[in-house]
Amino acid sequence: MTAASPATGSGVAGLRRGISTLLYRHSTLFLLLLLAPPLTWLGIVYLGSLLALLLQSFFYIDEFTGQVVREFSLRTYVELLTGAANLDIILRTVTMAATVTVAAAAIGFPIAYYMARYATGRTKALFYLGVMLPLWSSYLVRVYAWKLLLAREGVISWAFDKAYLGWFLDAVLALPVIGGSSLSVSYIGMFLVFTYIWLPFMILPIQAALERVPPSLIEASGDLGARPNETFRRVILPLALPGVVAGSIFTFSLTLGDYIIPYVIGTSRFFIGQAVYIHQGTAGNVPLAAAFSVVPIVIIGIYLAIARRLGAFDAL
Amino acid sequence: MAAAILFENVSRRFGTVRAVDNVSFEIADGEFFSMLGPSGSGKTTCLRLIAGFEEPGAGRLLIHGIDTAGVPPYERDVNTVFQDYALFPHMSVLDNVAYGLMVRKVPAAERHARADEMLDLVKLSGLGGRRPSALSGGQRQRVALARALINRPRVLLLDEPLGALDLKLREQMQVELKALQRKLGITFVYVTHDQQEALGMSDRLAVFNEGKIEQIGAPQDIYERPATAFVADFVGNSNLIGRAAAQRLAGLAGPLSVRPEKINFAADYSDVAPPVKAAGTVLEVQYLGATTRYEVELEAGAIVFMVRQNVTTGRAIGPRVGDRIELAWDPGAMLQVSGDDRG
């Protein structure tokens with residue numbers, strides 16, 4: 001016998017050939033072997049921890065001992081949803097997240113549109129760089145830089161003064177709720193920083209969605225008698241909507257969960273992120289912290305369901 | 001009556017490339033007109049100029065006697081069937097077809113009725129509720145056609161509409177398109193690089209090369225009397241016989257063009273006119289089913305192809321490789337062509 005058959009081959013070479021034949025014949029097994037490590041990672045680290053979090057939110061704190069009682073109860077959720085302060089925190093955070101999302105979409109869409117449809121070569125590279133570059137520098141540095149810009153002695157106040165518009169800034173800051181003693185301790189300031197920080201996460205998915213719209217669809221719409229604004233409304237926008245939804249999930253959920261910006265910029269009133277931070281840390285109420293962090297998940301779920309209902313994913 | 005389409009010294013450049021170079025021609029109302037040429041020859045740019053997706057850099061373009069300068073696509077009475085069909089993926093087939101009516105503010109009931117009619121016309125009744133992604137290539141092609149026809153344009157532009165279909169379906173659609181054009185009586189302007197399509201469907205066709213029109217005429221004129229070496233070579237197959245060989249064979253100033261199917265074995269020659277005769281050696285024999293193709297090196301100094309129908313059943317008893325044979329053809333089959341001398 002000159003050539004050993006795979007099954008009867010001896011030594012390392014025979015074994016290797018045997019294994020490769022086995023994997024070739026059973027492609028499902030091969031796929032399983034390839035996917036097992038990443039799936040295990042995803043399953044345990046991501047979903048597992050999320051599940052643990054969910055589980056924690058159904059425990060509760062014994063008011064006398066301050067110990068976590070590990071038995072199923074809705075007590076924590078009742079506390080979350082009946083406490084006026086807690087509801088305020090949720091409402092405040094959701095309103096901020098929604099406002100930031102709308103603003104980011106309004107600013108991001110034209111930029112993404114230009115990037116996808118008009119910019120070519122060098123201009124396009126420059127736009128990409130402009131959008132991505134802020135993401136490469138430290139988030140904390142940028143937030144603190146904004147604190148300086150927004151401060152009473154900062155460059156924005158200074159510019160308003162020099163333009164003889166100081167009275168306008170003062171009038172805006174005098175507004176109830178959203179105003180404050182300076183931009184750096186007001187909701188307006190926080191809104192500006194949030195919008196700045198998350199804008200790239202809105203631009204990139206919209207740009208990707210617009211890039212996938214074939215130019216011939218836009219020509220076909222015009223060819224059939226639609227004016228440019230109608231083409232935009234009936235063809236471009238619906239096809240870009242999945243991108244807008246993807247971008248808004250980023251900006252919305254990132255704002256919902258952030259606790260640094262409300263801490264550095266803004267008032268002493270809490271946002272969800274801060275509430276989670278306080279409850280799991282100093283207050284030692286891990287179940288309530290867990291319940292708080294379930295709120296963004298539920299809200300995003302509702303948002304996706306509505307978007308799907310409205311046909312945002314029809315073009316996918 | 002004004003021509004449906006009139007090009008007057010139209011040019012269009014992209015950077016330094018002259019996509020369309022000082023082109024003038026007209027298309028009659030109700031004509032099936034094809035623009036034939038290799039890719040990059042300017043035929044698609046001409047179509048896009050008519051549709052209004054491009055503006056001429058120089059010259060005038062008239063549609064039914066009206067100058068199109070500055071008229072946007074949505075105000076032109078022409079509609080286009082796109083090469084990639086360009087169906088809206090987020091709409092149903094019915095909404096796709098009704099789109100042209102919707103943007104013209106036709107009430108929903110009427111536009112759906114008319115879209116249904118259009119789907120009947122292209123034999124897609126009952127598929128209106130589907131998404132374009134759920135259709136086959138041939139069905140999408142029909143939807144694109146129905147959508148382009150719903151506004152009842154006087155001119156329909158078709159940009160290689162059958163390019164993505166397989167051969168059988170393409171042949172079937174050629175027949176249907178031609179029948180549809182006859183039924184509707186509107187002008188079809190058809191861009192293709194497939195000479196069979198252009199010859200088989202058109203009333204007239206223009207052959208494009210490098211931004212210019214090489215020849216314009218009825219299919220028979222183009223095929224039987226190609227004006228240039230390019231047309232002779234691009235439309236159908238052609239043997240180009242160089243200057244020296246042409247002189248030796250027929251005493252004519254070359255170069256000459258002879259179609260492969262016009263060349264006979266000397267023994268089979270049956271035309272009235274005294275034939276041109278040429279002796280040569282068989283270099284290659286290719287059996288192609290319906291026909292057999294021979295490559296023959298003439299002693300006069302040219303290599304020609306000839307094609308014979310396989311009319312007998314059983315094994316064809318033709319010449320074999322290396323045989324010395326004599327060929328003959330009607331002197332009228334020889335065409336003097338301008339252009340490059342490749343002999």
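So you know, we letter chains A, B, ... as the sequences are listed, proteins then strands, and number each from 1. These numbers come from the heavy atoms of this one structure, side chains and all, not from hydrogens, waters or symmetry mates.
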Testing the basics here: between [X] and [Y], what is the closest heavy-atom pair and its distance to 0.1 Å?
| X | Y | answer |
| --- | --- | --- |
| B:Y99 | A:S221 | OH-OG, 2.7 Å |
| B:Y74 | A:P228 | CE2-CD, 3.3 Å |
| A:L217 | B:P89 | CD1-CD, 3.7 Å |

Are more than 12 heavy atoms, taken from residues, nucleotides or ligands other than [X], located less than 6.0 Å from that residue's [atom1] atom?
| X | atom1 | value |
| --- | --- | --- |
| A:I44 | CD1 | no |
| B:H64 | NE2 | yes |
| A:F232 | CZ | yes |
| A:F30 | CZ | no |
| A:R233 | CZ | yes |
| B:R114 | CZ | yes |
| B:K183 | NZ | no |

Any chance you could measure B:M102, atom CE, to A:E230, atom CD, to the nearest 0.5 Å?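 Rounded to the nearest 0.5 Å, the CE-CD separation comes out at 7.0 Å.
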
Please round to the nearest 0.5 Å and tell me the distance separating atom CD of B:E54 and atom CD of A:E219. 7.5 Å

What part of [X] lies closer than 4.5 angstrom to a heavy atom of chain A: side chain, backbone, both or neither?
| X | value |
| --- | --- |
| B:E75 | side chain |
| B:D84 | side chain |
| B:L157 | neither |
| B:F82 | side chain |
| B:R147 | both |

Can you check whether A:S216 reaches B:Y85 side chain to side chain, under 4.5 Å on heavy atoms?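 No, their side chains stay 4.5 Å or more apart.
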
Is it the case that the side chain of B:R104 and the backbone of A:L224 share a donor-acceptor pair, with hydrogens and angles ignored and the cut-off at 3.5 Å? yes

Any donor and acceptor pair, going by atom type alone, linking the side chain of A:D223 with main-chain N or O of B:P73 inside 3.5 Å?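 Such a contact is absent between A:D223 side chain and B:P73 backbone.
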
